[in-house]
Amino acid sequence: MLPKQYRLKNKSAFKATYKVKNSSHSGGVTLFAGILKKENAPTKVGFVVSKKVHKRAVKRNRLKRLMRESYRLLLKENALGHSQKYLSLIFVGTEKALGKNFKEIDNAIRKLIQGIE
RNA sequence: UAAAGCAGCCGGAUAAUCGCGCAGAAAUGUGAGGAAAGUCCGUGCAUUCAAGGACAGGCUGCCGGGGAAAGCCCGGACGGUGUGAACCGGUGGAAAGUGCCACAGAAAUGGAGACUGCCGAUGGAUUUUAUAUCACAGGCGAUGGUGCAACGGUGAGUUAAGAGCUUCACCAGUGAUAUCGAGAGAUAUCAGCUAGGUAAACCCCAGCCGAAUGCAAGAUUAACUCGAAGGUUAUAAAGGCUGUCCGCCCACUUCGGAAAUAUCGCUAGAGUUUGCAGGCAACUGCAUUCCCAGACAGAUGAUUAUCUAGAAACAGAACACGGCUUAUGAACUGCUUUAUAUU
RNA sequence: GGGGCGUUAGCGCAGCUGGUAGCGCAUCACACUGGCAGUGUGGGGGUCAGGGGUUCAAAUCCCCUACGCUCCA
């Protein structure tokens, strides 16, 4: 789990991030990037797994936790690169990502972070 | 030894590294379930309203006990299933009334019989009479086929033929009486009453139920203040009060838009542990002990190693609690039954 | 978190005061035509979402389960 300062919390912030329509996919995970930062604030991140992906809460939570853990490790390694230019990021898990282990999810997240400009 | 039945227990553990929620100044402490699930019942709690009354309406349904209550639990009765241990049961009333019972069938509730039939004792006719005969009067409800179901069942006796006929044996129901039991009910005797099914059809009986809305309830604070309607003498109108009606309340009231943040509600409770006492049990009483998630894009995770059992199932709190239902892994323990073998 | 509704032929729907399931489109065959379209006639196709119960009999009544849709900010 991430510290609170890095979390995307507001509903309107989520909406604003989706509106930019700057998205990319990898291994069943979709990344939405928001607008570019003006001030020197930390980049906020949200993780989403829809109820339509799977009915059971346990499986959805598992996927969210894996995505979060991967991002946290990247943050620790200071390997986030260009993604920190943006005010907000959202990772969306889909049916393809369901049931994959940590290594597969981690690879997908790393690809997305590296691909962003 | 094998196969069953019932009950109980566990719901992964340890270590390393990196992390999160809540409380706290910090050190540190603490952090998902037996079902947290489905939302099928029932409570608490909150808001609005309630002078009330009538009629509707809903739920439950053997007996006794427990419980705050429940479509809940325990014990018993009865019925059914099983060789048995045991298990299952929405189990009041069809003799208050109404409806329905397709097709088939003579007939589907009205105490029927008109189809197919049996008889011709009694009376009558034919005949001298008897015997005999009869599209006679009439008697009968056994026989045949239909159907889930045919007006108690089976067997005998009686008879012209027959029949629960009340003559008899056994059985089923019903009613009365007696005994036992707290009661559901059980047993015995007598009566001779025989009445189709369906109430998860309407209904009747008994018991229970203020209504509506659910923590997105609701309270406090800050900020924007915008639109619409009716009334302002009375009536009317609008709004509200329980589904309807009677009746009642209000004189600034109702509806809507935008915003949807912060704090509270928010977890000490029909609570947990252990012991003793009462009770067959459910459960209750007393003492003792403990404080045990409280988020708001929403906390328990990731990786590695070892082990149980080489790879741990079902599954994630969102106001709380009591039940029910459904999902689910591996191992173990106790009691009981049946069968076989040996002593 | 709390309500409501639905599931019937390949598709869209009836039937839900119990008596053995239909309609339209689609599909198949035949006829009309030189052929196509079109029209007409005839036919096939159903675990009535799944399981259990009540009843002589259940798509229909009752209970449980699954899936889908929808409302309350």
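Excluded from the calculations below are hydrogen atoms, water molecules and symmetry mates; all remaining heavy atoms, backbone and side chain alike, are included. The chains referred to below are lettered A, B, ... by the order of the sequence lines, with proteins before strands, and numbering in each begins at 1.
B:C286 sits 45 Å from B:U179 when the P atoms are compared, rounded to a whole Å. On the C1' atoms, B:C119 is 6 Å away from B:A160, given to the nearest whole Å. Spacing of P atoms, C:U65 relative to C:A9, comes out at 25 Å, to the nearest Å. Between B:G105 and B:U146, the distance separating the two C1' atoms is 5 Å to the nearest Å. Distance check on atom C1': B:A4 versus B:C87 gives 13 Å, rounded to whole Å. Spacing of P atoms, B:A161 relative to B:C118, comes out at 14 Å, to the nearest Å. Nucleotides B:G42 and B:A330 place their P atoms 38 Å apart, quoted to the nearest Å. Nucleotides C:A58 and C:G51 are separated by 14 Å at their P atoms, to the nearest Å.
Taking CD1 of A:Ile109 as the start and CG of A:Leu66 as the end, the distance is 9.5 Å to the nearest 0.5 Å. Taking CZ of A:Arg68 as the start and CZ of A:Phe47 as the end, the distance is 6.5 Å to the nearest 0.5 Å.
Glycosidic conformation at B:C292 (O4'-C1'-N9-C4 for purines, O4'-C1'-N1-C2 for pyrimidines): syn, within 90° of 0. Classified by its glycosidic torsion, B:G34 falls in the syn category, the angle being within 90° of 0. Applying the 90° criterion around 0 to the glycosidic angle, B:A4 comes out anti.
Contact check, A:Arg68 against B:A299: a side-chain N or O comes under 4.0 Å of OP1 or OP2. Close to B:U300, at under 4.0 Å from its OP1 or OP2, lies a side-chain N or O of A:Arg65.
The residue among A:Lys103 and A:Val48 whose nearest nucleotide of RNA chain B is located toward the 5' end is A:Val48.
Pair assignment for C:U17: none, as no Watson-Crick or G-U wobble contacts are both less than 3.5 Å. Under the Watson-Crick or G-U wobble criterion, with both distances below 3.5 Å, B:G247 is paired with B:C241. Under the Watson-Crick and G-U wobble criteria, each requiring two contacts below 3.5 Å, nucleotide B:G11 is left unpaired. In this entry B:G298 has no Watson-Crick or G-U wobble partner, no candidate having both defining distances under 3.5 Å. Both distances falling under 3.5 Å, in either a Watson-Crick or a G-U wobble arrangement, occur for no nucleotide opposite B:U273. When both distances must be under 3.5 Å, the Watson-Crick or G-U wobble mate of B:C72 is B:G66. Figure legend. B:G97 is base-paired to B:C202; pairs are counted as Watson-Crick or G-U wobble with both atom distances under 3.5 Å. In this structure, B:U288 forms no base pair with any nucleotide, since neither Watson-Crick nor G-U wobble geometry is met with both distances under 3.5 Å.
In this structure, A:Phe47 atom CZ and B:C296 atom C1' are separated by 18 Å, rounded to whole Å. Nucleotide B:C20 holds its C1' atom 13 Å from the CG atom of A:Leu73, rounded to whole Å. The nearest whole Å value for the distance from the CG atom in A:Asn101 to the C1' atom in B:U303 is 11 Å. Taking atom CG of residue A:Asn61 and atom C1' of nucleotide B:A317, one finds them 12 Å apart after rounding to whole Å. Protein atom CG of A:Leu66 is 14 Å distant from nucleotide atom C1' of B:G19, rounded to whole Å. The CG atom of A:Leu63 sits 15 Å away from the P atom of B:G298 (whole-angstrom rounding). Between A:Arg72 atom CZ and B:U303 atom P the separation is 12 Å, expressed in whole Å. One interatomic measurement links the two molecules: OH of A:Tyr71 to P of B:C18, which rounds to 21 Å at whole-angstrom precision.
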Output a table of nitrogen or oxygen pairs between the protein and nucleotides 65-69 of chain C separated by less than 3.5 Å.
{"from": "C:C67", "atom 1": "OP2", "to": "A:Lys55", "atom 2": "NZ", "distance (Å)": "3.0"}

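Under the 4.5 Å side-chain criterion, counting only non-hydrogen atoms from C-beta, A:Leu89 is in contact with A:Tyr71. Residues A:Phe91 and A:Phe32 have side chains not in contact (no heavy-atom distance under 4.5 Å, counting atoms from C-beta outward). With contacts defined as side-chain heavy-atom distances shorter than 4.5 Å, the pair A:Leu31/A:Ile90 does not qualify.
A pairwise comparison of heavy atoms in A:Ser26 and A:Ala108 identifies O-CB, 3.4 Å as the closest pair.
A donor-acceptor pair is defined here as one N or O able to donate and one able to accept, closer than 3.5 Å; no such pair exists between the side chain of A:Asp106 and the backbone of A:Phe102. The main-chain N or O of A:Asn101 is found under 3.5 Å from a side-chain atom of A:Glu104 such that the two form a donor-acceptor pair.
Residue A:Lys76 is classed as a sugar-phosphate contact, given heavy-atom separations below 4.0 Å to backbone atoms only.
For the side-chain contact (heavy atoms from CB on, under 4.5 Å) criterion with A:Met67, the lone passing option out of A:Val45, A:Val29, A:Val92 is A:Val29.
Comment: A:Arg110 engages A:Glu77 in a salt bridge, judged by a side-chain N to carboxylate O separation of less than 4.0 angstrom.
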